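Working notes for the structure below.
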Amino acid sequence: MPGFSLNINNKQYSVEAEADMPLLWVLRDLLDLTGTKYGCGVASCGACTVIMDGDAVYSCQRPVGACVNKKIITIEGLSEDGSHPVQIAWQKAAVPQCGYCQPGQIMTVAAMLGKNKKPSAETISSAMSNNLCRCGTYHRIKEAINIAIEEINK
Amino acid sequence: MRSIKLQVNNKQHELLIDEHETLAHVLREKIGLTGTKIGCEQGSCGACTVLVNNEPVLSCITPAMRCDQAEVTTIEGVAGPGELHLLQKKMVEKGAIQCGFCTPGMVMTSLDFVRKNPGASVQEIREALSGNLCRCTGYKKIIEAVAETIHPHNKSTDTEPRRSSVSGIVGVGHPYIEATKKVQGIAEYADDIRIKNVLHCKFLRSPLPHAVIENIDTSRALQLDGVKYIVTGSELPEKFGVLPISQDETALAIDKVRYIGEIVAAVAAETEEIAVAACRLIRVNYKALRSFLEIDESLHDIGTDEKIHSHTKFNNNIHKKAELRFGDQQLGLSQASFRSKMEFEFDGVTHAFTEPHAATAYWDENGLTIYTSTQVPHYLHRALSKVLKIPLSKVRVIKPFVGGGFGGKSDPFPHEMIISWLAMKTGRPVKVRFSREEVFLSNHGRHPTKMILELGADQDGYLKVLDADIAIDGGAYGSFGVVTSYYNGVLLQAPYAIENFGFRTFRVYTNKPQCGAMRGHGAVNSRFATESLIDDLAHQMKMDPCEMRLKNFMPSNTLTVGQYRITSNGSRESLLKVMEQSQWKNRYGKLPNGQGLGVGCGFFISGSALPIIRNEMPQSVVHCKIDFDGRVLISSGASDIGQGSDTMLAMIVAEVLGITMDHVFVLAADTLLTPVDLGSYSSRVTFMAGNAAMMAAENLKKEISKAVSIKEEVSPDKLNFSGGRVFTYDKKVNLTWKEAIDIAIANRGAITVSGKYISPKLGGDFKGAGAGLSPSYSFGAVVAEVKVDIETGLVKILNIWGAHDCGKAINPLAVEGQLEGSWHMGMGQALSEQLRYYNGLLLNGNFLDYKIPTSLDTPPIHSNIIETIDPEGPFGAKECGEGALHPVIPAIANAVFDAVGVRITKLPISAENILKNMKSNSLSKTEVVSH
């Protein structure tokens, strides 16, 4: 099996895997980083979202072979102690219900705010349309995004 | 990094490994097969044995890169899923598994041997297993299991179950309820528990025995990538200790160090390697102080030098003086026509359990949770709350499977405080596991001891007086030492009736790792001295030493001079049994030169009647719950450390309710989920938790009876619980267990009942009267046969005949295991075990130099359970876990006297001493002749 060197959460990992193994399974099964969730495997739910070189991407759709020399951030690496402004906002707005989609939601928001500190309402809805939530927390997600925007623009 | 291929248990793995990684590490940490245990990391204990290309290999010292392309079989691959190999079945069935930590390695070594040696003899089995250390079983049952695997039709012992109860549970040998899990390698010990995102903790330890810490510089270590936190003493200033009267220890050394190995700083880092590297970068400036390493130095005035602890009363290092006197010793001496007085010396010994200390702590919204290898979750719970200054309600202690304790895991430990603090500071789970050397440095073993004992008897051989002057070396801190000080004396007031009895014990602090409680706590050494003196008196009087003992045993149902309440007493039966089996009358004093028989007796508490921390709570509480599924959940805080307490609880509850063992489930030793039990020390669990379980089961029975009696319109006292049914004798009511439960929970739901144990008020009202008080006492006797090489002085044990009065053996298989393990541990102290120091530095902190007996050192052991029903014990049961250790050591020494006429006064017995004394004996004989 080929070996891959991956930069995840600012740490270098070496893994042996088939080149077409999705990044999601590398994260979860080989590296024990289980914060990133599996929801559908077909790019339709967003639970597996991670940040790659600044972009929110579906890790279930990225073969590990295509992840070398990229900077990957997972929910575990967003902050060491849950202090990222998006995570704080999530707590303030009491967003999670079952919580399963939340890592993906948070990563999508973090990527969006990483590029644009003052996104328009349209940008927000467009970005967030990639992440499903069946508990119906969308309203509070919006609230949390607004709290986060306020915080980072202080 | 390099890539290797391993086929492990028929599954292909490709792995990237570091060159220095061991096979054990790769199996456990990279593949997740934690059945392979790490006991020493130097190839000396065998716990890590796996098969590589069908050869047994010590995986803890095998570089993984050397195994590229190899086929590896671990304990998890020995049999198919859910199946057991015949060898595993035999190990379970024979009771060859106690704590279970050595079991995976033992199975792998045996499996290889069994396959390659289809006709092997018992001696060959002994040789084959001699590289695998077990500290619980004394190897007897392991050897039997292997022998029966090789020769399935030759039963080595009579396995016909003894039936002594209606349902056939209490009194019938049951393998531990978790034995299958242990033999498959899937039982999780503290180091096997995987909590994500964990940081690793390593300690910087003191290189000096006694020194002022002038400065600690952690700045360079903190710069190291991956280091998350470094803690030093000042952050955790609160003192603790297991006894409220000696709270003299802090989590890390503050201001000064008191022994080589004391923790000075602790690092939490991303990997163990980083933590080790960081420890090396910490700079500590010490100013050396005069160190006190021997008992005598610490007993005397120390002039202008600095004491070890400033709080001690006088200008010396005496920690505790205990003295009690009963009767009139002067009168006793005047009545004693025969007297024997000798000076004895004992080196320190340690528990040497096979599982090194390990723990993981984390914080969440519920506060602190710690998984740790402990005997006393309750006392740790209290100590953590005190040291971390957090409410008791924010501490949860969980005891996973524990790989042996023997008293060595019965204190709250600094490492448990430290990782809890580091976890709080870093917000991450923190894990620690000790190296074998750290286990030795942690010690808490039996005190090195010096004593002068005098014993006197009248013309007829009745003991008239006993006087003991004792000094014990406590090391740097208090631990259980105050109790040890008393036990050395008070536990001499039985099994012989001696009216004029007194002792004085000094416990001193020295600059060595601390001593504490070890199996047979406090009385092992003084028992040795007493039994040696009786032997000497008998020799002086030309009386049979067994006859002399029989003459002096106190009866059942009596009080000792110190007002211990003796209930049932099987001393006589025990001694008569081993005399008969060893053919004492025909063989004692009559064996050829160099061969001899010796006897020893003993007695021990069956649980301390007083809790360590005085309060009004029961000493044990057990809950039983039933719900619609018909299963009884037993929850108890009692700590199974391999002695089989979970199984004991299950058996008692099943027996009372007349149901089978598969209807009960034990949840134990989790301070959040289970009611308080004081823990596994002082041989208390069967008596106290067993009684609480019995009461809980009786209360459950009452609840069920009440509901059934209303529904079926019969009087509740007409209902019987037996054979899985609830019925009246006339069979008008004849319900299955499940039908009865359905009636009980109708309109009510699950039923939880409680049972408790509180010791009755016992003992005198003088100071020190509480020491050694117990609701019941065990008794026992051992005859040992030895052969002394008259050319070299080397002692070999040929046979051990042992008998122990445990009241009622609830689980005879487990009781035998405890007895054999105790005798094994005693043989080690007698012949080979000693902690050796040079200027305060422990020289032999490993299993290569600290020699516990192997399977080859184990002679045939003839075990006898003596049953004398205790009126208050559950089903009449008393202790069996510690008391059996006492008689074996003097029995061996007295056998040496019978063999070559040399009186042993120093342990361990040394061949050089024997040889020297044999020479001077024969010299003095020659002189007599020449005159």
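For clarity, every value in this text was computed on a predicted model and none was experimentally measured. Because only heavy atoms are used, hydrogens play no part in the values below, and waters and symmetry mates are left out as well, while side chains stay in. Below, chain A is the first sequence line, B the second, and so on; all start at residue 1.
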Mind checking what makes side-chain hydrogen bond (donor to acceptor under 3.5 Å, both in side chains) contact with A:Q105, not counting sequence neighbours?
-> none

Under 6.0 Å from the NE2 atom of B:H20, do we count more than 12 heavy atoms belonging to anything else shown?
-> yes

Contacting moiety of A:D32, where chain B heavy atoms sit under 4.5 Å | both

Within 6.0 Å of CG in A:N153, more than 12 heavy atoms from elsewhere = yes

Please look at A:E80 and chain B and tell me whether the side chain, the backbone, both or neither of the residue comes under 4.5 angstrom of a heavy atom of that chain.
-> side chain

Minimum heavy-atom distance between B:L15 and A:E16, given as atom pair plus value | N-OE1, 4.3 Å

Taking the side chain as every heavy atom from C-beta outward, state whether A:E76 and B:N197 have any atom pair closer than 4.5 Å.
-> no

Assess whether atom CD of B:E238 is packed by more than 12 heavy atoms of other residues, nucleotides or ligands within 6.0 Å.
-> yes

Distance-minimising heavy-atom pair for B:L16 and A:V15 | CD1-N, 4.0 Å

Does CD belonging to A:E122 count more than 12 external heavy atoms closer than 6.0 Å?
-> no

Nearest-0.5 Å distance, OG of residue A:S14 to CZ of residue B:R2 = 14.5 Å

